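Start at 1 with the first residue, then count along the sequence. Atoms considered below: every heavy atom in the structure, side chains included; atoms not considered: hydrogens, waters and symmetry mates. Since we're looking at a predicted model, the values are computed, not measured.
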Amino acid sequence: MRLHDLRPGAASLMLAAGVEIKVVQETLGHTSSAFTADTYTSVFPQVAMAAAEKTAALLLGDDDQEERGALRHLRA
């Protein structure tokens, strides 16, 4: 494995950890964050699940514990 082969994984891991795309772009030395996002990232299942849960929490509201429990049940 070459050092250059680690770039896609590093970009994806940084984004999965919540690092802003602009920081990832500058870390990799790209001129455009769009290029970074299009070329070096992928969506990890954990990130997709977190996005779905945040969206559901927004739609259901923070006080709706029963509905969130139903969402967890659907996931299982």
K.L.:
Around Glu20, counting heavy atoms of other residues, nucleotides and ligands shown, do more than 12 lie under 6.0 Å from its CD?
P.N.:
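Counting neighbours around CD of Glu20, 12 or fewer heavy atoms of other residues, nucleotides or ligands fall under 6.0 Å, so no.
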K.L.:
Out of curiosity, Glu53 CD to Leu60 CG, how far, rounded to the nearest 0.5 Å?
P.N.:
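Atom-to-atom, Glu53:CD and Leu60:CG are 11.5 Å apart.
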K.L.:
How far does CG of Asp38 sit from NE2 of His30, to the nearest 0.5 angstrom?
P.N.:
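Here the rounded value is 11.0 Å.
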K.L.:
Say you draw a straight line from NZ of Lys22 to OG of Ser32; how long is it, rounded to the nearest 0.5 Å?
P.N.:
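One finds 8.0 Å between NZ of Lys22 and OG of Ser32.
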K.L.:
What's the spacing between Met14 CE and Leu28 CG if we round to 0.5 Å?
P.N.:
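Reported value, rounded in 0.5 Å steps: 5.0 Å.
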K.L.:
How would you list, by chain and number, every residue that makes a side chain to side chain donor-acceptor pair (under 3.5 Å) with Lys54, sequence neighbours excluded?
P.N.:
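Residues passing side chain to side chain donor-acceptor pair (under 3.5 Å) with Lys54: none at all.
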